[in-house]
Amino acid sequence: MPICKIFNYRGENVREFDSDTLGGGGAITIGRSSQCTICLKGEVDRHVGRIHVSLQREGRVLTATNCSSTELYKNEQPITSSVIEEGDMLRFGHMFLTVGESSGPSPYELAFVGEEGKQERHALWPGRNTIGASSENTICIKEMGLSRSHARILVNPHDMLVEDVASTSGTVLDERRVKSLTKFTTGAKLRLGKADIQVLLRGAALDRSKRSAESGQGSPMTKWVVGAITFILALLMSRWLGWW
């Protein structure tokens, strides 16, 4: 079987393993428990079960089984148990398991400033990406005014498309409300609820306006120093002109 990789929601590779050799021929278990073959404790939240996924080999066939009370998705479809092959993606909680050496997230990500002023990044994945406040979505964005199921992004080999999913506040692409499936490219700006989101190549920094917003557009001390210098320069100019 091909190499398997586990990524977090930012698209960072946290584990990589060969399903032919790991586990000594038995089941490969993945979850928060230290008893798992692959323990993700400290890297995941409560949405990942203690033992969430079991991978079982029979000859050249690899089967994934959900061992948790929360969902396991294969290519964004919920499963109980299913054969997985090269190119498939499993999602459990906010973690992603991909099958194949060249598998992984798409070259794109969503970047925005969260309510606490922290820069957030979420990788986009090949195929369908659902976005909303519910943890059942591919991309879960809480506390930003999003509907439970808000929007959907399709990442194809040559383009990307976005559509609204009957959200309360709507989906806005480059200041125009999205009414149907709409094509866009990197650099586009989406507004979902209170989240102003940029679509970037993964790893790219937020643009200057977003960095200014994130830093609060200058600290109080900086503003005080600039004001003091401006006042002194104005005073010196007044003396030189004989106004004072």
Side-chain angles (χ1 to χ4, degrees), residues 1-33 36-45 47-49 51-68 70-110 121-131 135-140 152-161 185-186 199-204:
M1 286 301 296
I3 294 294
C4 295
K5 303 175 186 179
I6 299 177
F7 298 85
N8 60 24
Y9 70 91
R10 291 185 294 271
E12 299 164 341
N13 189 346
V14 298
R15 294 288 192 280
E16 190 168 320
F17 60 94
D18 186 335
S19 59
D20 280 337
T21 58
L22 188 65
I28 300 171
T29 53
I30 305 169
R32 290 186 288 114
S33 172
C36 288
T37 316
I38 298 178
C39 175
L40 298 173
K41 185 177 181 179
E43 298 182 20
V44 296
D45 57 22
H47 296 294
V48 172
I51 301 176
H52 203 128
V53 185
S54 174
L55 302 179
Q56 181 69 55
R57 294 187 308 278
E58 292 186 11
R60 301 300 298 169
V61 177
L62 186 64
T63 301
T65 301
N66 186 8
C67 303
S68 172
T70 55
E71 294 283 11
L72 172 66
Y73 296 85
K74 171 188 170 183
N75 302 329
E76 289 307 304
Q77 296 295 325
I79 63 168
T80 300
S81 184
S82 177
V83 172
I84 58 173
E85 301 174 332
E86 187 163 1
D88 286 338
M89 180 184 76
L90 299 178
R91 175 167 63 86
F92 52 106
H94 301 142
M95 304 298 286
F96 301 80
L97 185 153
T98 64
V99 184
E101 185 64 44
S102 60
S103 64
S106 80
Y108 313 109
E109 67 179 5
L110 303 182
R121 296 186 297 112
H122 290 261
L124 286 170
W125 301 84
R128 186 183 68 167
N129 296 258
T130 58
I131 308 170
S135 59
E136 296 176 357
N137 290 287
T138 318
I139 298 173
C140 175
R152 184 181 298 120
I153 292 178
L154 301 177
V155 179
N156 300 318
H158 304 295
D159 60 22
M160 291 181 285
L161 302 101
T185 59
T186 53
V199 183
L200 303 172
L201 288 172
R202 275 196 305 119

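Remember, predicted model here, so these are calculated numbers, not experimental data.
With contacts defined as side-chain heavy-atom distances shorter than 4.5 Å, the pair Ile84/Leu55 qualifies. Here the side chains of His94 and Cys140 are in contact, with some heavy-atom distance below 4.5 Å. Tyr108 is listed as a side-chain neighbour of Leu201, based on a closest heavy-atom distance under 4.5 Å. Using a 4.5 Å heavy-atom threshold, the side chains of His47 and Thr70 count as separate. Here the side chains of Met89 and Asn75 are in contact, with some heavy-atom distance below 4.5 Å. Side-chain contact check for Arg202 versus Leu124: every heavy-atom pair is 4.5 Å or farther apart. At a threshold of 4.5 Å between non-hydrogen side-chain atoms, the residues Phe17 and Thr37 do not count as touching. At a threshold of 4.5 Å between non-hydrogen side-chain atoms, the residues Leu40 and Arg15 count as touching.
Ring geometry for Tyr9 versus His122: interplanar angle of 30 to 60°, hence tilted.
Under the 3.5 Å distance criterion, with hydrogens and angles disregarded, no donor-acceptor pair is assigned to the side chains of Thr29 and Ser54. Under 3.5 Å, the side chains of Thr138 and Glu76 contain a donor-acceptor pair of N or O atoms.
Of all heavy-atom pairs spanning Arg152 and Thr130, the tightest one is NE-CG2, 4.3 Å. Taking all atoms of both residues into account, the shortest heavy-atom contact from Gln56 to Ala27 is OE1-CB, 3.3 Å. Closest approach of Glu101 and Glu16 over heavy atoms only: OE2-OE2, 4.0 Å. For the pair Asn8 and Met95, the tightest heavy-atom approach, listed with the atom from each and the gap, is CA-SD, 3.9 Å. Of all heavy-atom pairs between Lys5 and Gly100, the closest is CE-O, 3.9 Å. Here the closest heavy-atom approach between residue Val83 and residue Asp88 is recorded as O-OD2, 4.2 Å.
Rounding to the nearest 0.5 angstrom, the gap separating the CG atom in Asn156 from the CG atom in Leu161 is 6.0 Å. Interatomic distance, CD1 of Ile51 versus CZ of Arg32, reported as 10.5 Å (0.5 Å rounding). Taking NE2 of His52 as the start and OG of Ser33 as the end, the distance is 14.0 Å to the nearest 0.5 Å. Between the CD1 atom of Ile28 and the OG1 atom of Thr21 there is a distance of 7.5 Å, given to the nearest 0.5 Å. Between the SG atom in Cys4 and the CG atom in Leu22 there is a gap of 9.5 Å [rounded to 0.5 Å].
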Under the side-chain contact (heavy atoms from CB on, under 4.5 Å) rule, what do Val48 and Ile30 come out as? Steps first, then yes or no, please.
CA-CA 9 Å; Val48 172; Ile30 305 169; over 6 Å; no
Report the C-alpha separation of Asn129 and Leu110 in whole Å, then their side-chain angles, then the decisive distance to 0.1 Å, and conclude whether the side-chain contact (heavy atoms from CB on, under 4.5 Å) test is met.
CA-CA 11 Å; Asn129 296 258; Leu110 303 182; over 6 Å; no
Residue pair Arg91, Glu136: steps toward the side-chain contact (heavy atoms from CB on, under 4.5 Å) verdict:
CA-CA 10 Å; Arg91 175 167 63 86; Glu136 296 176 357; 5.6 Å; no
Test Ile6 against Leu97 for side-chain contact (heavy atoms from CB on, under 4.5 Å), laying out the working first.
CA-CA 4 Å; Ile6 299 177; Leu97 185 153; 4.1 Å; yes
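For the salt bridge (Lys or Arg N to Asp or Glu O under 4.0 Å) test, residues two or more places apart in sequence or in another chain that qualify with Glu12 are Arg10, Arg121.
Each of Tyr73, Trp125, Phe7 was checked for a ring-ring contact (aromatic ring centres under 6.0 Å, His included) with Phe96, and the lone residue meeting it is Trp125.
Formation of a donor-acceptor pair under 3.5 Å by the Asn66 side chain with backbone atoms of Ser68 is found in this model.
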